[in-house]
Amino acid sequence: MKQKTVSSGAIYLCLAIGMLCSLFPVIWTFMTSIKTRVDLLAVPVKWIFQPTLENYEHVFGQERLPHYFLNSLVIGLFSTLLLLAIACPAAYGLARFRIKGRQNLLFWILSTRVMPPVAVLIPIFIIFSSIGLFDSYFAVVAMHVFMNVPLATWMLLGFFEGVPLEIEEAAMVDGSSRLGVLLRIVLPVASTGIMATGILCFLFSWNELLFALILTGMNTKT
């Protein structure tokens with residue numbers, strides 16, 4: 001009985017430590033939000049300080065905050081929809097057709113995700129500025145799609161490969177075209193995977209800072 005109590009206590013202790021580690025970033029962020037600038041930059045870190053709400057007043061007191069929020073929403077939704085429109089056919093083609101050099105093609109798609117965005121930031125800024133697309137939704141949406149297409153393609157590839165091939169063959173025997181099979185059978189069956197991919201890509205677009213900071217002005221600032 002005593003050994004069981006000690007074992008349960010050890011388990012609860014590990015769970016408490018794990019929960020504390022998980023909540024620490026949230027607690028730290030909240031504490032930072034109610035510090036003054038002086039307390040925030042203090043060395044060593046101040047754990048006891050006079051809390052203030054001036055940071056919240058500064059953020060939510062901005063007149064253009066709803067406009068920035070709407071910009072983030074528009075860019076996130078449009079980039080996600082366009083991304084899925086590109087990634088779904090690409091992933092389905094890679095999952096169902098025998099393509100020469102398929103593994104090399106998949107590795108090349110993934111390698112574009114590995115490239116750091118800052119490496120192409122200056123050329124991208126020059127290109128969009130020269131063609132008059134600086135401070136436009138198109139510039140940010142295009143870059144978010146470019147960054148997330150590899151991830152979405154790889155995720156959807158696994159979901160499409162999980163759809164039984166016999167269902168598609170039966171539909172084509174009944175006279176359905178390959179496009180009809182994709183639209184009427186594959187997409188509905190893999191809809192949960194597509195939704196999961198879309199949510200993840202929307203979050204990546206919503207949280208992206210670099211291109212949203214450099215390619216936008218007062219009209220499209222997120």
Side-chain angles (χ1 to χ4, degrees), residues 21-22 24-26 28-29 32-33 37 40-41 43 59 62 64-65 67-95 97 99-161 193-222:
C21 293
S22 300
F24 181 75
V26 179
W28 180 266
T29 302
T32 303
S33 71
R37 184 179 296 272
L40 179 61
L41 300 177
V43 179
V59 171
Q62 296 185 58
R64 295 183 63 84
L65 182 63
H67 178 69
Y68 299 152
F69 181 86
L70 180 62
N71 287 341
S72 297
L73 191 63
V74 169
I75 291 173
L77 289 176
F78 272 92
S79 63
T80 301
L81 293 175
L82 183 58
L83 178 65
L84 292 178
I86 296 172
C88 283
Y92 179 73
L94 291 169
F97 298 112
I99 302 174
K100 187 177 181 180
R102 179 177 180 271
Q103 294 301 323
N104 294 332
L105 180 59
L106 288 173
F107 178 78
W108 174 78
I109 292 174
L110 185 62
S111 66
T112 61
R113 177 73 181 179
V114 177
M115 180 183 64
V118 70
V120 297
L121 183 61
I122 294 177
I124 291 297
F125 175 78
I126 294 174
I127 290 172
F128 282 122
S129 298
S130 62
I131 61 179
L133 289 178
F134 174 76
D135 194 17
S136 67
Y137 290 126
F138 178 83
V140 186
V141 168
M143 294 312 303
H144 286 184
V145 170
F146 170 75
M147 289 189 303
N148 292 323
V149 156
L151 173 67
T153 303
W154 270 83
M155 287 187 64
L156 292 173
L157 179 64
F159 291 118
F160 288 155
E161 287 179 339
I194 295 173
M195 290 178 61
T197 303
I199 292 172
L200 188 62
C201 291
F202 177 83
L203 291 177
F204 278 130
S205 176
W206 183 275
N207 292 327
E208 198 278 328
L209 172 66
L210 192 61
F211 290 112
L213 181 65
I214 301 301
L215 298 179
T216 60
M218 291 302 297
N219 294 326
T220 56
K221 183 178 180 181
T222 60

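Please read these numbers as outputs of a predicted model, since none were measured by experiment.
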With [X] via side-chain contact (heavy atoms from CB on, under 4.5 Å) - residues at least two apart:
X      : value
Leu82  : Ile86, Val141, Val145
Phe97  : Ile99, Arg178
Trp108 : Leu105, Ser111, Thr112
Leu106 : Leu94, Arg102, Gln103, Trp154, Leu157

Please say whether more than 12 non-hydrogen atoms of neighbouring residues, nucleotides or ligands are located less than 6.0 Å from [atom1] in [X].
X      : atom1 : answer
Leu41  : CG    : yes
Arg37  : CZ    : no
Met115 : CE    : yes

- With no hydrogens and no angle check, is any side-chain donor or acceptor of Ser205 less than 3.5 Å from a backbone partner on Cys201?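 No.
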- Message: Is it the case that the side chains of Tyr137 and Asn71 hold a donor-acceptor pair, with the cut-off being a distance below 3.5 Å and no angle test?
- Response: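 There is such a pair between these side chains.
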- Query: Can you name the residues that form a ring-ring contact (aromatic ring centres under 6.0 Å, His included) with Phe202, not counting sequence neighbours?
  - Reply: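 Trp206.
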- For Phe125, ring-ring contact (aromatic ring centres under 6.0 Å, His included) partners two or more places apart: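 ring-ring contact (aromatic ring centres under 6.0 Å, His included) check on Phe125 returns Phe134.
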Got a list of side-chain donor-acceptor pairs under 3.5 Å for residues 146-153, not counting sequence neighbours?
unit_1	atom_1	unit_2	atom_2	d
Asn148	OD1	Arg113	NH1	2.9
Asn148	ND2	His144	O	3.2
Thr153	OG1	Val149	O	2.8

Distance, nearest 0.5 Å, that separates [atom1] of [X] from [atom2] of [Y]:
X      : Y      : atom1 : atom2 : value
Thr222 : Leu209 : OG1   : CG    : 7.5 Å
Ile131 : Phe138 : CD1   : CZ    : 7.0 Å
Ile124 : Leu121 : CD1   : CG    : 8.5 Å
Leu70  : Arg64  : CG    : CZ    : 11.0 Å

- Query: Taking it one step at a time, do Tyr68 and Met218 satisfy side-chain contact (heavy atoms from CB on, under 4.5 Å)?
  - Reply: CA-CA 9 Å; Tyr68 299 152; Met218 291 302 297; 3.8 Å; yes
- Task: Could you list the residues that satisfy side chain to side chain donor-acceptor pair (under 3.5 Å) with Ser129, not counting sequence neighbours?
- Result: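 With neighbours one apart ignored, the set is empty.
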- What pairs with Thr220 under side chain to side chain donor-acceptor pair (under 3.5 Å), at least two apart in sequence or on another chain?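 In terms of side chain to side chain donor-acceptor pair (under 3.5 Å), with neighbours along the sequence ignored, Thr220 is linked to Asp135.
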Minimum-distance pair of heavy atoms, taken over all atoms of [X] and [Y]:
X      : Y      : result
Ala91  : Leu156 : CB-CB, 3.6 Å
Ala142 : Phe128 : CB-CZ, 4.4 Å
Val120 : Pro123 : O-CD, 3.4 Å

